[in-house]
Amino acid sequence: MESINTYLYPPRWHEALCIIILLAVCSGNLKAANNNVLRLTSFEVTRSNSDNFDSNTAPEPVTLPDSWHERQKTPFRNAWYRTQFRADDIQSPIAVYIPRVSMNASVTVNGKEIGNGGRFTEPISRNHGRSLFYIVPSWITQQRDIIDLTIRVIDNSWAFGYLGPVYVGDAATLNSMYHTREFWQVHLTLALALLMLIFSIASLSLYVKRAKEKYYFWFSGAMLLFAVDTFNVFVIDIPTSRQTWEIYNQIVVYAFAVMTITFIHRFTHVGWKAIEPLLGAILIIKLFVLIMLDVKYLFIAASAFNLLIIGYGLILAFLVIRSYLIKSRFETGVTALSGLILLAVASHTWLVQLGILNPENLHIIHYGAPCFFLLISLSLVRKFLYSLENTEALASELDLRVQQKEKELASTYEKLHILNQKKTLSEERTRIMREVHDGFGAHVVGALAMLETEKVNHRALSDYLRSSLLDLRIMIDALDPNTHEVSVALGMLRTRVEPILKNKKIDRKSTRLNSSHTDISR
């Protein structure tokens, strides 16, 4: 029994992010106190495999924290920790605060149970991720200076039960300490898990949009498994047997590690991708071994498999760091930093679970893993924005090229139009030359022949020459660009032909009369 001089006040929410780094460095060992609070570490313990306390069994002295894995040569399920303390200097009401216990506990004061952590039958309620806090009713401690305290702890006989130091004293002070630890151990961790779940959904949506970039899928899967594992820590009453639940938890943790490694391979292009099928095969082997193995070796076997994945994680971290030092790529540097953080906190949690480190420490992997995912998310966002900028730049360049090609096409079309006009003009010249040769030329030759005769018929020659001139004028009219319209062409033809028709005394009236006589005769 010892007095405490100081205690940790509950942090304000806006200070949480600043304190979390310090908390990780200090391994989460929250020690508390006040002059009105006693930290109890000296107990007498009675261990048993029976659910009933045996008063005939001699207790043995123990100093908390007490880790059962050190005493598992004789497996047991229950342990009754008993002690006494003086309450005359403690302000009423008195409370009992247990920061860390595994798996479940009940608290009895002066022979009266004041609270418990839930179910004591299989499957046992799991309180290894939560603290216990109970206020002692005043009628139990009235007129008694010496208080008897008994704490019953239960765990599976094959598991590593644990009880850390117990705090008794002023209820208000202990309530503050309890809520402080609950914030770090439960509320903040669950908030981070929810955040990772949201990030997982966002990353999966990016994968749906950009399926060719597989690392979005592996990143989303890793975050999802981390969130599932985090929620599992705070499940008190499980729906299956403890053994089945622990196997499930171990598989989820290993799958999270495999997905994280696969993501690093895909994202940084560093590491041995050929090892990924092997890691998947080891996952299946681990599941089979944990199912078939004797339950008392479950955690030892699981730790051996976890050691394999941590070992490759260290090798991959070395390869990523070396790649960054050689190529200085931003993504590789961020992955190296976040990977080292993740390995450090994972190793810390693994050592706490094995009992090598003080089990009273918080599992800081629930803070380290979000740091890993946050840093990687920032890198992914940066890469996405960089890709977006490149896409916009390429789109702008493509627009310029399209405009340039449009100008080139317009220029080419203009040149083709000019060539087509030249071709048309050349064909028209050829046609005119042919008509001049076959039409006007023939008329000239005919007129010359008429002149060379002995008797020249001047009227016939004049008519012949007028006909030749008419043909020439019609050919010249055909070269006029305005004659492309039918009405203009017919009008010009009428202008040329009408004088000849008048000389021949052919007009519209005579044409109509002739047409009428023809119809009558029919």
Side-chain angles (χ1 to χ4, degrees), residues 17-18 20-21 24 191-227 255-276 279 312-346 367-406:
L17 293 179
C18 299
I20 192 172
I21 300 174
L192 291 175
L194 288 172
L195 184 63
M196 293 303 100
L197 186 61
I198 295 172
F199 277 19
S200 173
I201 296 173
S203 179
L204 187 61
S205 64
L206 289 176
Y207 170 71
V208 172
K209 293 295 184 181
R210 300 183 64 86
K212 65 179 181 179
E213 296 177 347
K214 302 293 184 183
Y215 53 81
Y216 284 118
F217 170 78
W218 297 107
F219 186 66
S220 173
M223 282 194 293
L224 178 62
L225 289 175
F226 167 78
F256 157 72
V258 171
M259 280 202 160
T260 302
I261 288 173
T262 306
F263 162 74
I264 294 175
H265 285 167
R266 298 290 192 274
F267 186 58
T268 63
H269 304 289
V270 177
W272 306 321
K273 292 184 180 180
I275 204 173
E276 293 171 5
L279 295 176
Y312 180 70
L314 290 171
I315 295 173
L316 183 59
F318 168 76
L319 295 176
V320 173
I321 292 173
R322 186 182 67 174
S323 175
Y324 173 71
L325 294 176
I326 295 174
K327 300 180 180 179
S328 298
R329 294 178 63 239
F330 179 81
E331 292 81 5
T332 307
V334 171
T335 305
L337 175 61
S338 56
L340 288 176
I341 294 174
L342 183 60
L343 275 174
V345 297
Y367 309 127
C371 290
F372 168 81
F373 288 122
L374 178 61
L375 290 173
I376 294 296
S377 297
L378 293 176
S379 181
L380 286 175
V381 170
R382 178 183 179 274
K383 188 172 184 178
F384 181 79
L385 293 176
Y386 181 75
S387 300
L388 184 62
E389 290 177 357
N390 283 345
T391 302
E392 292 177 350
L394 289 174
S396 178
E397 182 179 353
L398 182 61
D399 288 340
L400 292 176
R401 289 184 178 181
V402 168
Q403 293 176 6
Q404 182 179 358
K405 292 299 180 181
E406 287 178 349

4.5 Å side-chain heavy-atom contact, R266 and E276: yes
Close side-chain approach of T335 to V270, heavy-atom, < 4.5 Å: no
Rounded distance (nearest 0.5 Å) linking atom CG of L394 with atom CG of D399: 11.0 Å
Main-chain N/O of V320 paired with T332 side-chain donor or acceptor, under 3.5 Å: no
Pairs flagged by side-chain hydrogen bond (donor to acceptor under 3.5 Å, both in side chains) wherever residues 312-328 is involved - sequence neighbours left out: H265-Y312
Aromatic plane relationship, F219 with F373 - under 30° parallel, 30 to 60° tilted, over 60° perpendicular: perpendicular
Note, T262 side chain near L279 side chain (heavy atom, < 4.5 Å): no
Nearest-0.5 Å distance that lies between atom CD1 in I315 and atom CD1 in I275: 7.0 Å
Nearest-0.5 Å distance, CG of residue L385 to CD of residue E392: 9.5 Å
Non-hydrogen side-chain atoms of L319 and W272 separated by less than 4.5 Å: yes
Nearest non-hydrogen partners of R329 and T268, listed with the distance: NH1-O, 3.6 Å
ring-ring contact (aromatic ring centres under 6.0 Å, His included): pairs with one or both residues in residues 194-215, sequence neighbours excluded: Y207-F217, Y215-F267
L378 side, atom CG; S338 side, atom OG - distance, nearest 0.5 Å: 10.0 Å
Atom pair CD1 (I201) and CG (L204), whose distance is rounded to the nearest 0.5 Å: 8.5 Å
Step-by-step side chain to side chain contact (heavy atoms under 4.5 Å, CB included) determination, R382 to E331: CA-CA 9 Å; R382 178 183 179 274; E331 292 81 5; 3.5 Å; yes
Y386 OH: over 12 foreign heavy atoms closer than 6.0 Å: no
Test item: L316 and I264 side chains (from C-beta on) under 4.5 Å apart, heavy atoms: yes
Nearest heavy-atom neighbours spanning M196 and P370: SD-CA, 4.0 Å
side-chain hydrogen bond (donor to acceptor under 3.5 Å, both in side chains) involving S220 - partner list, sequence neighbours excluded: S200
Smallest separation among heavy atoms of F256 and A222, with atom names: CD1-O, 3.3 Å
Polar side-chain atom of S205 near backbone of A202 as donor-acceptor pair, under 3.5 Å: yes
Parallel, tilted or perpendicular: rings of F372 and F263 (30°, 60°): perpendicular
Interatomic distance, L400 atom CG to Q404 atom CD [nearest 0.5 angstrom]: 8.5 Å
